[in-house]
Asks: 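Pasting a structure below so you can have a look.
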Number of protein chains: 2
Amino acid sequence: MPRTVDHEERRSMILKAFMAVAAREGLHAVSLRAVAAEAGISLRSVQYYFDTKAGLMQAGLAALEKLSNERVRTRLEALEPSPSARTTLQALFAVALPTDRESRRFHLLWTSYAMLAMTDPEISDRTFVDSPNRLQERIAFILEEGKSSGEFDGALNGELEATILISLIHGLGTAVLVGQQTSESATSSFEHYLDRLAGAKSGNG
Amino acid sequence: MPRTVDHEERRSMILKAFMAVAAREGLHAVSLRAVAAEAGISLRSVQYYFDTKAGLMQAGLAALEKLSNERVRTRLEALEPSPSARTTLQALFAVALPTDRESRRFHLLWTSYAMLAMTDPEISDRTFVDSPNRLQERIAFILEEGKSSGEFDGALNGELEATILISLIHGLGTAVLVGQQTSESATSSFEHYLDRLAGAKSGNG
DNA sequence: TTTTTTATGATACGATTGTACCATAAAAAA
DNA sequence: TTTTTTATGGTACAATCGTATCATAAAAAA
């Protein structure tokens, strides 16, 4: 088996074990030995493919981000052709809500990483600015489309509304994650919000 | 000095050191020795007042919650007598926004604890349900008062709006904490939201 | 076939951690 | 004054961690 082994396949196999350990025991409790045991390989092999623990942690965050992007893309591609702005926003909300185990795992680890990045200089804190920024731009774009199609009022401030929407989505997601809200109550709240957003066609001043 | 020493004063002195270490190095990096060094006392003394690390961690969360409640209370008491619903909501938002160092520290540690509670059974996860629930009830009450005074539409669903408001406040707070939003943009967004909430007096169907 | 490179295992090392134990100074109680 | 209790320091211990080193099986290259 040695020589000619797919490095990327090997790395992603180890990263899968990393995610499992991190989700089960907490990001802070991840150790190279625990990841090795989870993957069924030796400590040395984890070192071989990620060099240091910092390398593994950084790769873990990158993998998390990639996974999230794929989930969003899959969800949006599953929509009917030319979906309405509201349908698209609903899909973005649904994929962000930590309902299934994989989604809950993502939320837990993403937030843990975000907090870690605030004290640990080895974790890039740009990720937690750039990634939400991209989502916010996407939402702003959806809102613009909604304005063009007459679904939303043309006077609606897309940038401001996008900021509110992404914060609301994130806030409701966290509330569901910690168990303060149920998926149902969070969804009703979001739908109610969309109702008013669509209904407030004449703005407020 | 021994015999007759104020235990509560001693504990809160150590907890202050605990907060400092946790905020500077991250909650995961807190050790009994680091707290002892920060407080300028011996490891043994930290053990004496908190017994185990789990005891210290639990006391840390309780202290954090108490600190937050005091901040909210102080802020609300500083308002003019009989403030409008909007003024009260603005104050709640302002105190929740991580602008000053103490507020940023609170947000970082609170969220870190919330994530920790999801994998560590020694940290009570009820805290992260009960505490937001109390805030949500308070917001709902404020909205009811606003409805009575005519500031908000009487048909407004207070429970639903409170859920949205608390999630929005939390979401914007986190966005500011990680640096994705500035305090100014978050504040504009919140004000804009309040505008529409107050303006949508005829509901939406 | 011999040699080199790749991938992996085993393990040792120094550092750090939570916990437990022993000693003792100081104050209160007798 | 003697005795007991409280508060604190010092330290030892076993466990765990990240990292580094040595050895080697296996495959590719020569």
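In the text below, chain A, chain B and the rest are named by the order of the sequence lines, each starting its count at 1. What you see below is based on every heavy atom in this structure, not just the backbone, and it leaves out hydrogens, waters and symmetry mates.
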Asks: Can you check whether A/Ser45 has a side-chain N or O nearer than 4.0 Å to OP1 or OP2 of C/dG9?
Replies: yes

Asks: If you check every side-chain atom of B/Tyr49, which of C/dT19, D/dA7, C/dG18 has the closest atom?
Replies: D/dA7

Asks: Is it the case that over 12 heavy atoms from other parts of the model lie below 6.0 angstrom from the CZ atom of B/Arg138?
Replies: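 No.
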
Asks: Counting just side-chain N and O atoms, does A/Tyr48 come under 4.0 Å of either OP1 or OP2 of C/dA7?
Replies: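 A/Tyr48 to C/dA7 OP1/OP2: side-chain N or O found under 4.0 Å.
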
Asks: For the side chain of A/Arg33, counting heavy atoms from C-beta on, which of D/dG18, C/dG9, D/dA7 is nearest?
Replies: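 Between D/dG18, C/dG9, D/dA7, the one nearest the side chain of A/Arg33 would be D/dG18.
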
Asks: Could you check how far CG of A/Asp51 sits from C1' of C/dT6, rounded to whole Å?
Replies: 16 Å

Asks: Of the candidate nucleotides C/dT17, C/dT6, D/dG18, which contains the atom at the shortest distance from the side chain of A/Ser31?
Replies: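 Of all the options, the side chain of A/Ser31 is nearest to D/dG18.
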
Asks: Given C/dG9, C/dA7, C/dT19, which nucleotide is nearest the side-chain atoms of A/Ile41?
Replies: C/dG9

Asks: Check the distance between D/dC17's C1' and A/Met57's CE and give it to me in whole angstrom.
Replies: 14 Å

Asks: Round to a whole Å and report the spacing from CZ of A/Phe50 to P of D/dG18.
Replies: 14 Å

Asks: Among D/dG18, C/dT19, C/dT8, which is the nearest nucleotide to the side chain of B/Gln47?
Replies: C/dT19

Asks: Round to the nearest Å and state the distance from A/Leu56 atom CG to D/dC17 atom P.
Replies: 14 Å

Asks: Is a donor-acceptor pair below 3.5 Å formed from side chain A/Arg44 to base D/dT21, judging by atom type as modelled?
Replies: yes

Asks: Could you check whether B/Arg86 pairs with B/Glu191 (Lys NZ or Arg NE/NH1/NH2 to Asp/Glu carboxylate O, under 4.0 Å)?
Replies: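 Yes, charged N to carboxylate O under 4.0 Å.
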
Asks: Looking across every strand, which nucleic acid part, if any, lies under 4.0 Å from B/Val46 by heavy atom: base, sugar-phosphate, or nothing?
Replies: nothing

Asks: NE2 of B/His28 versus P of D/dT16: gap in Å, rounded?
Replies: 20 Å

Asks: Salt bridge between B/Lys147 and B/Glu161, side-chain N to carboxylate O under 4.0 Å?
Replies: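 Looking at B/Glu161 together with B/Lys147, the answer is no, because their closest N to O distance does not fall below 4.0 Å.
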
Asks: So with a 6.0 Å cut-off around CZ of B/Arg126, is the heavy-atom count from everything else above 12?
Replies: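 No, the 6.0 Å shell around CZ holds no more than 12 heavy atoms from other groups.
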
Asks: Using the side-chain heavy atoms of A/Lys53, tell me which of these nucleotides is nearest: D/dA7, D/dG18, C/dT17.
Replies: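 Side chain of A/Lys53 sits closest to D/dG18.
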
Asks: Can you tell me the pairing partner of C/dT19 across any strand shown, Watson-Crick or G-U wobble, with both distances under 3.5 angstrom?
Replies: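 Answer to the pairing question: D/dA12, which forms a Watson-Crick or G-U pair with C/dT19.
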
Asks: Quick one: A/Leu32 CG to C/dT8 P, roughly how many Å, whole number?
Replies: 16 Å

Asks: If pairing requires Watson-Crick or G-U wobble contacts with both distances under 3.5 Å, which nucleotide is the partner of C/dT3?
Replies: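 Matched C/dT3 with D/dA28 under the 3.5 Å cut-off.
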
Asks: So does A/His7 get a side-chain nitrogen or oxygen closer than 4.0 Å to the phosphate oxygens (OP1/OP2) of C/dT6?
Replies: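 No, A/His7 has no side-chain N/O under 4.0 Å of OP1/OP2 on C/dT6.
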
Asks: What I want to check is whether the side chains of B/Thr163 and B/Gln136 have a donor and an acceptor closer together than 3.5 Å.
Replies: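 Distance-only check passes for B/Thr163 and B/Gln136.
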
Asks: Assuming nearest nucleotide by heavy-atom distance, tell me which of B/Leu43 and B/Asp6 is located more 5' along DNA chain D.
Replies: B/Asp6

